[in-house]
Amino acid sequence: MAIDNNQLLRFTTAGSVDDGKSTLIGRLLYDSKSIFEDQLTAVENTSKKKGHDNIDLAMFTDGLKEEREQGITIDVAYRYFTTPKRKFIIADTPGHIQYTRNMITGASTANAAIILVDARHGVIEQTKRHSYIASLLQIPHLIVCINKMDLVNYDESVYDDIVDQYENLSSKLVIQDITYIPISALHGDNVVNRSENMEWYKGAALLYTLETLHISNDLNKIDARFPVQTVIRPQREGFIDYRGYAGRIASGVFRKGDSVVALPSGFSSKIKSINTFDQEFDEAYVPMSVSITLEDDIDVSRGDMIVRTNNRPETSQEFDVMLCWMSSKASQPRAKYTVCHTENLQKAMIKNVLYKVDINTYDRIKDQETFEMNDIGRVTIRTTKPLMIDSYGTNRTTGSIILIDDNTNETVAAGMIV
Amino acid sequence: MSKYYLNYLDELESEAIYILREVWAQFQNPVILFSGGKDSILVTHLAKKAFYPSKIPFPLMHVDTGHNFPETIQFRDDLIKELGVQLIVGSVQESIDNGRVAEEKGKNATRNALQITTLLDAIESNKVDCAIGGGRRDEEKARAKERFFSHRDDFGQWDPKNQRPELWNLLNGKHFEGEHFRAFPISNWTEMDVWNYIKREDIKIPSLYLAHQREVVWRNDSWIPVSEHLKLEENEKIETKKIRFRTLGDITITGGIESEADTLEKIAIEVAAMRMTERGNRSDDKRSETAMEDRKKQGYF
Ligand SMILES: Nc1nc2c(ncn2[C@@H]2O[C@H](COP(=O)(O)OP(=O)(O)O)[C@@H](O)[C@H]2O)c(=O)[nH]1
Ligand SMILES: [Mg+2]
């Protein structure tokens with residue numbers, strides 16, 4: 001099958017409550033024939049029970065009992081569909097402010113975000129908030145869908161107005177690639193099929209747009225970084241001297257014979273072999289999971305990083321991050337946490353809060369001490385041992401951290417290294 | 001210069017291997033939950049790849065309801081021998097004999113829900129801190145909510161409304177004594193992906209997945225295999241059909257579909273044209289709309 005050569009595209013949905021995120025995904029699945037008959041029957045039955053005239057497309061993604069009862073999305077739900085061109089993973093995320101952390105979860109690995117705007121309301125507070133997060137997480141492609149066009153008579157001027165509002169907003173953010181599409185998720189206009197109600201719109205429908213986004217450059221193919229997950233030492237005949245460093249390539253390309261250094265020790269060596277199972281490679285690249293052996297017997301263990309000799313990350317114990325607080329327990333000044341960066345865990349402290357961001361106005365608020373749930377801002381973090389870091393802007397994997405509260409073991413914050 | 005990107009099957013494989021290695025690195029005593037079904041066979045195959053040339057560094061755990069397809073047990077034992085790994089069996093029959101659980105009564109009685117107690121007992125008595133499962137998010141709506149690393153409290157319970165955020169590829173497996181994790185390395189695989197990969201890698205699977213002649217009874221809209229555990233109802237009759245199974249659970253509740261697909265190629269083609277989900281033939285999921293969520297909260301797979 002031709003599909004075997006296809007790429008995977010991960011995308012997420014964002015927008016305010018009731019903007020139609022779940023309906024849109026239901027529509028995408030339904031019109032691309034990715035819904036099974038028993039799922040359809042189940043949803044039809046429930047829709048009838050609730051007294052809806054049409055089937056409630058949102059129920060394809062709202063999986064938890066409480067979500068169905070309340071008609072809202074609480075936690076990220078993942079959906080899958082395939083077209084002859086691509087395979088898609090969708091993270092349907094909640095719109096409510098109190099679930100912003102779940103939106104960040106869904107967005108962290110996305111190639112693209114669909115931001116929904118209700119045509120009747122235009123750009124509102126949540127649109128700003130979510131656009132800010134998309135920009136902060138540097139999601140490479142943004143698709144702004146102006147939804148519920150059926151409720152504004154498919155009027156071109158309403159659409160143009162909202163595009164203007166959004167252009168104005170996005171000029172204050174870092175967004176690489178924006179596309180605008182007027183849609184009706186409920187009726188299917190411009191979702192899978194081009195709308196006959198909006199002849200004035202000359203662009204492509206949403207599905208075609210998703211199928212043709214150029215995503216090969218979304219990963220960093222330049223800076224070779226290999227965080228070591230574990231060391232493989234088989235006590236087995238034929239492999240007595242084998243010492244393989246197992247991990248997933250975070251970025252860049254590694255080749256047999258490359259001169260490399262192990263960090264933080266700084267010992268240098270050359271790559272002797274790269275393999276997955278019994279398959280050997282001359283070169284391997286992001287995001288392959290491989291085992292690497294080196295020519296020399298140097299000390300490398302979990303949390304260390306193998307990089308090319310002439311292209312190294314920064315080794316640092318103090319750095320700034322943009323922090324998103326995700327716990328209901330507020331951060332305390334100079335509180336201690338465990339920082340998790342690639343496979344490296346170290347004790348750390350929030351040394352200093354530089355500012356918090358008002359994500360409605362994008363203004364900086366100074367003189368802040370603590371972070372509450374859903375707060376975003378810039379802080380300085382100090383760790384007990386050095387981390388091998390890149391800026392998030394150049395490397396999503398070696399530029400990201402989470403903070404773990406040692407008292408509860410909960411993940412309390414996500415950070416992007418500035 | 002070549003294109004330097006992975007096709008989606010390679011990307012899914014790489015993600016799964018990454019998760020398996022994280023489990024190994026973060027936990028003291030992980031196991032693979034092995035049911036003999038295609039998903040746990042796939043996870044076992046991926047574990048073989050993840051730690052090569054070492055053997056799989058943790059045991060397989062089978063929760064045995066006593067209502068097995070004989071083929072499943074044979075397959076399990078052969079695989080264990082081939083891989084040279086340890087097998088841990090938790091027995092539902094023993095849980096019943098010890099009075100930990102009581103057998104359900106009536107026509108649609110199954111041992112499906114009873115497995116929860118046996119599973120949690122086996123996890124506790126073997127001091128397992130991470131049980132790796134073959135659950136996939138596309139299987140069922142409650143499973144669509146799972147994280148890669150999913151926390152269970154000291155009663156083995158899942159709290160879906162209050163899960164740890166899981167960002168980028170940073171997996172937080174920290175836990176207190178008595179709690180454990182479930183890890184789902186093939187979360188992002190669909191049924192189609194599983195079959196395409198099994199075909200590509202030529203992975204051995206039980207013959208039950210391939211179309212074969214079998215004595216069956218029509219019940220709950222599917223073909224239930226005849227076995228010593230099946231009690232025939234009045235108007236039911238035994239027929240011989242060419243069938244295959246899309247999922248394997250207990251022999252008492254796993255319905256087959258009529259099919260001519262007797263090779264992996266034919267299965268892949270058949271699955272691509274399917275209009276029903278694979279769990280549509282499992283009466284355990286049909287009991288109520290939230291059957292899976294309810295069981296999962298208590299500690300089910
Ligand atoms: N008229 C109209 N209603 C829509 C459209 N899209 C969604 N809705 C309705 O808006 C409501 C909220 O949709 P839902 O998908 O649950 O929104 P979510 O909170 O963003 O996931 C539901 O009643 C939908 O039927 C649309 O394009 N047109
Ligand atoms: Mg929703």
Side-chain angles (χ1 to χ4, degrees), chain A residues 1 4-8 36-39 42 46 61 63-66 74-80 82 87 89 101-102 104-105 108-109 216 221 229-230 232-234 236 238-239 242 246-248 253 276-278 285 287-289 291 302 326 340 343 396-397 400-402 404 409-411 414, chain B residues 3-18 21-22 24-25 48-55 137-138 140-146 160-161 163-170 172 174-176 187-188 190 192-193 196 200 268 272 274-277 279-280 289-290 293-294:
Chain A
M1 261 185 288
D4 287 354
N5 294 318
N6 287 359
Q7 280 173 287
L8 188 63
F36 292 103
E37 276 168 25
D38 49 330
Q39 291 174 322
T46 319
T61 58
L64 299 175
K65 199 183 328 191
E66 253 168 274
I74 293 173
D75 199 352
V76 192
Y78 297 91
R79 289 289 168 215
Y80 303 84
T82 305
K87 181 186 164 71
I89 300 182
R101 63 179 201 155
N102 295 333
I104 295 178
T105 300
S108 68
T109 52
S216 294
K221 309 273 173 64
Q229 280 185 279
T230 179
I232 296 179
R233 304 216 57 179
R236 203 175 134 181
F239 297 99
Y242 183 92
R248 179 150 66 157
V253 183
T276 300
F277 194 47
D278 54 4
Y285 47 91
M288 289 168 72
S289 282
S291 298
R302 176 172 168 83
M326 305 185 134
C340 172
E343 276 73 72
R396 262 171 125 176
T397 307
S400 51
I401 59 157
I402 56 171
I404 300 168
N409 288 331
E410 294 292 329
T411 302
Chain B
K3 281 182 288 185
Y4 294 126
Y5 68 78
L6 293 180
N7 74 42
Y8 76 95
L9 274 183
D10 287 327
E11 188 166 339
L12 291 175
E13 179 194 67
S14 171
E15 180 178 85
I17 288 176
Y18 171 80
R21 287 168 169 173
E22 276 308 287
W24 171 237
K48 191 167 85 177
K49 283 195 150 186
F51 300 101
Y52 179 88
S54 289
K55 286 183 193 169
R137 290 167 179 162
D138 90 316
E140 207 284 328
K141 55 190 181 299
R143 287 210 165 140
K145 299 285 181 177
E146 275 289 9
K161 265 180 56 190
Q163 304 195 69
R164 288 184 188 174
E166 205 163 73
L167 296 121
W168 300 290
N169 301 301
L170 300 171
N172 174 5
K174 283 183 173 277
H175 59 281
F176 294 108
S187 286
N188 281 330
T190 63
M192 194 70 236
D193 300 333
N196 279 334
R200 184 181 96 172
M274 289 281 184
R275 297 311 308 147
M276 293 285 205
T277 63
R279 298 192 77 91
E289 202 186 302
T290 54
E293 182 180 340
D294 297 340

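Order of the sequence lines fixes the chain letters, A, B, ..., with proteins taken first and strands second; residue numbering starts at 1 for each chain.
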Heavy-atom distance under 4.5 Å to chain A: side chain of B/Asp10, backbone, both or neither?
neither
Closest heavy-atom contact between A/Gln229 and A/Glu343?
CG-OE1, 3.6 Å
Could you give the distance from CG (B/Asn172) to CD (B/Glu22), rounded to the nearest 0.5 Å?
11.0 Å
Per-residue tally against chain B (heavy atom, under 4.5 Å) across A/Pro287, A/Gly238, A/Cys340 peaks at A/Pro287
So which part of B/Ala50 gets closer than 4.5 Å to some heavy atom of chain A, the side chain, the backbone, both or neither?
backbone
Proximal component of A/Met326, with respect to chain B [non-hydrogen, under 4.5 Å]:
side chain
Give me the atom names and distance for the closest heavy-atom approach of B/Met192 to B/Ala268.
CE-O, 3.2 Å
Which region of A/Tyr78, side chain (C-beta onward) or backbone (N, CA, C, O), has a non-hydrogen atom less than 4.5 Å from a non-hydrogen atom of chain B, or is it both or neither?
both
If you measure from OG1 on A/Thr411 to CD on B/Gln163, what distance do you get to the nearest 0.5 Å?
11.5 Å
Under 4.5 Å heavy-atom distance to chain B, tell me which part of A/Ser291 shows up: side chain, backbone, both or neither.
both
Less than 4.5 Å to any heavy atom of chain A: does that hold for the side chain of B/Trp24, its backbone, both, or neither?
side chain
Qualifying residues under side-chain contact (heavy atoms from CB on, under 4.5 Å), relative to A/Phe277, sequence neighbours excluded
B/Lys48, B/Lys49, B/Tyr52
Residues at least two apart in sequence or cross-chain that pass side-chain contact (heavy atoms from CB on, under 4.5 Å) with A/Ser289, listed by chain then number, are A/Arg248, B/Ser14, B/Ile17, B/Tyr18, B/Arg21
Return the CG to CD1 distance between A/Leu8 and A/Ile89, rounded to the nearest 0.5 Å.
4.5 Å
Segment of A/Ile402 engaging chain B (4.5 angstrom heavy-atom cut-off):
both
Heavy-atom contact with chain B under 4.5 Å, split by part of A/Ser216:
side chain
